[in-house]
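A short write-up of the structure that comes next.
Below, chains carry the letters A, B, ... as their sequence lines are ordered, and counting in each starts from 1. All values reported here derive from a predicted model rather than from experimental measurement.
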Protein chains: 2
Amino acid sequence: MRMSALAAEAGLPVATVKYYLREGLLHAGTATGATQAVYDEGHVRRLRMVRALVGPVGLSVQQARTVLDLVDEPGGDLYTTLGRAVGTLPPAAAPPGEASDPYPRARAALEALGQVYDPEFAAVAQLEGALAAAADAGLPIDAERLAAYGSAATDIAAFDLSRMPAEPHAAVAYTVLGTALYEPVLLALRRLAHQDAAVRRLAREE
Amino acid sequence: MRMSALAAEAGLPVATVKYYLREGLLHAGTATGATQAVYDEGHVRRLRMVRALVGPVGLSVQQARTVLDLVDEPGGDLYTTLGRAVGTLPPAAAPPGEASDPYPRARAALEALGQVYDPEFAAVAQLEGALAAAADAGLPIDAERLAAYGSAATDIAAFDLSRMPAEPHAAVAYTVLGTALYEPVLLALRRLAHQDAAVRRLAREE
DNA sequence: AATATTAGAGAGTTGTACTATCCAATGCAA
DNA sequence: TTGCATTGGATAGTACAACTCTCTAATATT
């Protein structure tokens, strides 16, 4: 398969595929001459993955590159790799700062939920930013709401973990990509559940 | 309060406040002369809201404007307004197309969950996009996972609805802003719940 | 042999989110 | 009251991301 066939297969302009190649999101094809190279099914799959990450998931090209690199070649154990991957996923969180207690809201929230609090983990900073944003905007999250969301998140995590492959490399891919790819699904389901609940309540009140 | 005081209060450069003014995210102050105007607490709150939406929530300036306009002046009933607001929130979904069954995956998913399916609702398109992206990337969502996520989403929606204010204008603000502002919190909690569950499993296996 | 395609590199384009510069009109301080 | 910094408003400029186009020499196709 040459480049034009690859681009057609992925539904992308040739120029865009070349751009992804330059940016390192796609590994080069096997050269058959100075100006020819062939691509295979792996390239097609990779392009589909890239499109999924920069499309519905909403990653930038550089973030997608980082995530895919981590999946391709995990640097350390699963938890380190996952931590790094989560750190590159949006929303971007501000760096810790020098305070003795850099994430007070997140720490309080996790303690209330009875979960481990490790300021090193990137999602803690994201939680802090999200809680601060909600509070700043005038809709702070109280203990009851936190408990409701936390227990839903725990349910989901328990399910996800039950499905995690045993083989380390597959586990990394599953966890990192599952985090990125399933989040939009969850958000859409939440929005639809709101709609569904509202419609049902409206019907009941009639 | 004049502009420099407003900007200082919000922690933003004056030039940025002027930019938001131009883009219609912030209403003008009350003019006290040809080159003077005063701003009040409402402007400070509005700026905090804008920063929350374009920061942790990740909206573009134009999306934030649309959402805030809807909250300020809902055009119709709650459900129409909410639908419009959800439509402007990321992830952007492709337009329906001309197919007789434009959202097959989303329809199947909602039927499996026993929820109403209305192709007009923007989140349906988002669900379709998210399900398609996961499948294209090689990690399709099966019935069991859908059920797990769906029931978590339903739990959250039930809680959210129980807290909805009765007064229509407040209900719109609560629902629209709650959708936008609480989503990052939920995502962060899910990521942390994964971490927590993984740590616990690791500890158990030792 | 003539024509079309390709890989690879570089420059150009478009859109977003600011950021800086001007200007005339004010406010304020000495 | 006179000098000077500040303000609101408009316009222009900057920086970056994500493509998109153009070019060239080599290669494949007819």
- Task: Quick one: closest heavy-atom pair of A:Ile141 and A:Leu146, and the distance?
- Result: CG2-N, 3.9 Å
- Note on the structure: side chain to side chain contact (heavy atoms under 4.5 Å, CB included) test vs B:Glu183 passes for just one of B:Leu181, B:Val185, B:Thr179, B:Leu186, namely B:Thr179
- Query: Are the side chain of B:His194 and the backbone N or O of A:Leu161 linked by a donor-acceptor pair below 3.5 Å?
  - Reply: no
- Expressed in angstrom and rounded to an integer, what is the separation of A:Leu47 atom CG from D:dC19 atom P? 12 Å
- Can you give one letter per nucleotide of nucleotides 1-7 of chain D, 5' to 3': B if a protein heavy atom sits under 4.0 Å from the base, S if only from the sugar-phosphate, - if neither? ------B
- Message: Distance check needed: D:dG9 P versus B:His27 NE2, whole Å only.
- Response: 13 Å
- Query: Looking just at side-chain N and O atoms, do A:Tyr20 and A:Arg51 make a donor-acceptor pair shorter than 3.5 Å?
  - Reply: yes
- Polar side-chain atom of B:Asp69 near backbone of B:Asp72 as donor-acceptor pair, under 3.5 Å: no
- Message: By the 4.0 Å heavy-atom rule, please label A:Ala15 as base, sugar-phosphate, or nothing.
- Response: base
Protein-nucleic acid N or O pairs under 3.5 Å, nucleotides 12-18 of chain D:
| residue | atom | partner | partner atom | Å |
| --- | --- | --- | --- | --- |
| D:dA18 | OP1 | A:Val61 | N | 3.2 |

- Query: Can B:Arg190 and B:Tyr149 be counted as having a side-chain donor-acceptor contact under 3.5 angstrom?
  - Reply: yes
- Message: Any side-chain N or O of A:Thr32 below 4.0 angstrom from OP1/OP2 of D:dT27?
- Response: no
- Query: After noting the C-alpha distance and the side-chain angles of A:Tyr39 and A:Glu9, does the key distance pass the side chain to side chain contact (heavy atoms under 4.5 Å, CB included) rule?
  - Reply: CA-CA 11 Å; A:Tyr39 304 89; A:Glu9 192 80 16; over 6 Å; no
- Could you state the atom-to-atom distance from CG of B:Leu21 to C1' of D:dT11 in whole Å? 16 Å
- Item | Main-chain N/O of A:Ala106 paired with A:Glu128 side-chain donor or acceptor, under 3.5 Å | yes
- Item | Separation of atom CE in A:Met1 from atom P in C:dT6, rounded to whole Å | 13 Å
